[in-house]
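Below: the structure, in structure tokens.
Given the structure is predicted, the values throughout are model-derived calculations rather than measurements.
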Amino acid sequence: MIPVTKPYLPNRNKLNEYIDSIYECHWLTNNGPLVQELSRRLEEYLGVKNLLLVSNGTLALQIAYRALGINEPVKGKQAEAITTPFTFIATASSLKWDGIQPVFADIDPQTWCLAPENIKAAITPQTRAIVPVHVFGNACDVEAIDTVAQKHKLKVIYDASHAFGVNYKGKSLLEHGDASTLSFHATKLFHTGEGGAIVFKRKEDLDRAKKMINFGITGPETIEELGINAKMNELQAAMGLCVLDEMEGNMNARAEIWANYERKLAGSVQFQKISENISYNSAYFPVVLDTEQKAIEIEKKLKEIGVWARRYFYPSLETVRFLNGQNQQPVSHDIASRILCLPIYCTLAISDQDKISKIVKEQSVKTSE
Ligand SMILES: *Cc1c(COP(=O)(O)O)cnc(C)c1O
């Protein structure tokens, strides 16, 4: 069976050494030595400051909302955040879970990221924040979004779950916005089994968030504010340290697979337009077919040979009932209905890549009956 993605398993002996060190110092969680080490090394690797490790990418979003105060009501009414309908459910459901109404704005038909002009049109007196997603690791139009945010005094929290290691104009993409969040779930490019991180623009927001992830406790006998448990533990950090050591090989292998697919499929399908001035991380390989029927047909044909391509992100989130999405989002709806993500992970054999490309290519040119 060929899954759409496969968790990266690092060198076992190295992981054992870290586990030995955990046994030696008997420290399992609460900002232990491995969490501190991973935090330092990630700041260095990504070229960022004010990075906070947390237990998963969903809590990373929720802690960022709270640290920046965007869950506070506006004149007694529920706060709103403008976000994209073309993303994993957690971006929007985390807002809702924290009492913030997600308000959808449509995406750009080429980059599939939130279109700045649609953000402007969705602003109301209740809007506190913009929560864009660097979808599939492609950079949002960060400069235009910054301009809108400044003009309307809105906070910006990027869901950068897919954007690990992506640079924009030679610097980390994660530097944009008041905060950017990462997911280190097993299926993500860089992972800690489960885990995540927040990169804050300002140190004071980082300091507030540090308290929040440990129940608001600030000393043996002091509880300063409302908090929750969102700490990363030492076993997660051990996995992360091992995976980080092997990132270069992992990224190179993916880049080759990405280029091979692109070469084989050029002209047959629509690709995501990668934003200018970025170094891309080859995290996903999405293709868009002419019709929904073709996407479904190809998914089926691939399954017959044991390949699990996935229709994501489908459905477009304005159709998810409990989110109370207000408006139709025609671009997102259209792309979501015709998209398919092809398998990409560093041990995917070239013969399998070719088998997959061949089926996609054959089926994409076939006229529907
Ligand atoms: C994976 C993902 C999340 C959630 O991260 P978890 O670590 O699984 O909680 C949030 N947003 C996006 C866009 C994701 O892909």
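If you check the side chains of T187 and H185, you find a donor sitting under 3.5 Å from an acceptor. One side chain, N324 or K96, offers a donor N or O that lies under 3.5 Å from an acceptor on the other. For the residue pair Q328 / H333, no side-chain donor-acceptor distance below 3.5 Å is found, with atom types taken as modelled. A side-chain donor from one of N229 and K231 sits under 3.5 Å from a side-chain acceptor of the other. Looking at T91 and D159, their side chains do bring a donor and an acceptor atom within 3.5 Å of each other. At a cut-off of 3.5 Å, with distance as the only test, a side-chain donor of E80 or T124 sits close to an acceptor on the other residue. Side-chain polar atoms of E276 and Y168 form no donor-acceptor pair below 3.5 angstrom. A donor and an acceptor atom, one from each side chain of N260 and D354, are located under 3.5 Å apart. Remark: the Y65 side chain and the S94 side chain contain an N/O donor-acceptor pair separated by less than 3.5 Å. A donor atom on one side chain and an acceptor atom on the other are found under 3.5 Å apart for S316 and S332. Using modelled atom types, one finds no donor on one side chain facing an acceptor on the other under 3.5 Å when comparing Q353 with Y261.
Environment of CD in E256: sparse, with no more than 12 heavy atoms of neighbouring residues, nucleotides or ligands closer than 6.0 Å. Heavy atoms of other residues, nucleotides or ligands lying less than 6.0 angstrom from NZ of K120 number 12 at most.
Under a hydrophobic clustering in which Ile, Leu, Val, Met, Phe, Trp and Tyr are joined whenever their side-chain heavy atoms come within less than 4.5 Å, directly or via other members, I89 and V135 fall into the same cluster. Linking Ile, Leu, Val, Met, Phe, Trp and Tyr residues whenever their side-chain heavy atoms come within less than 4.5 Å places I257 and L340 in a single cluster. Follow the hydrophobic side-chain contacts under 4.5 Å out from L342 and you never reach V365; the two are in separate clusters. V48 and I198 fall into different hydrophobic clusters, where Ile, Leu, Val, Met, Phe, Trp and Tyr residues are linked whenever their side-chain heavy atoms come under 4.5 Å apart, directly or through other members.
Between V156 and A149, the shortest heavy-atom contact is CG2-CB, 3.4 Å.
The existence of a salt bridge linking R128 and E72 is excluded, since no basic side-chain nitrogen approaches an acidic carboxylate oxygen closer than 4.0 Å. For the pair E44 and R40, the salt-bridge criterion is not met [side-chain N within less than 4.0 Å of a carboxylate O]. Under the 4.0 Å criterion applied to side-chain N and carboxylate O atoms, D205 and K201 are not assigned as salt-bridge partners. By the 4.0 Å N-to-carboxylate-O rule, D245 lies close enough to K14 to be salt-bridged with it. With salt bridges taken as basic N to acidic carboxylate O contacts below 4.0 Å, none links E225 and R66.
The residue from L53, L189, N56 that alone fulfils the side-chain contact (heavy atoms from CB on, under 4.5 Å) condition with F184 is L53.
Ring geometry for F164 against Y45 counts as parallel: the plane angle stays under 30°, on a 0 to 90° scale with 60° as the upper cut.
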Item to complete: Would you please test K358 and E362 for salt bridge (Lys or Arg N to Asp or Glu O under 4.0 Å) and show each step?
Response: CA-CA 6 Å; K358 189 159 170 279; E362 278 169 11; 3.3 Å; yes
Practice prompt. Kindly indicate, with the supporting measurements, whether the criterion salt bridge (Lys or Arg N to Asp or Glu O under 4.0 Å) is fulfilled by E143 and K169.
Written response: CA-CA 12 Å; E143 276 138 19; K169 294 189 174 167; 3.2 Å; yes
Item to complete: Give the intermediate values and the outcome of ring-ring contact (aromatic ring centres under 6.0 Å, His included) for residues W258 and Y280.
Response: CA-CA 11 Å; W258 208 95; Y280 185 60; 5.5 Å; yes
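Remark: M232 CE to L52 CG distance equals 9.5 Å, nearest 0.5 Å. We find the CG-CD1 distance between N233 and I22 to be 8.0 Å, quoted to the nearest 0.5 Å.
For the pair D108 (side chain) and C113 (backbone), a donor-acceptor distance under 3.5 Å is absent.
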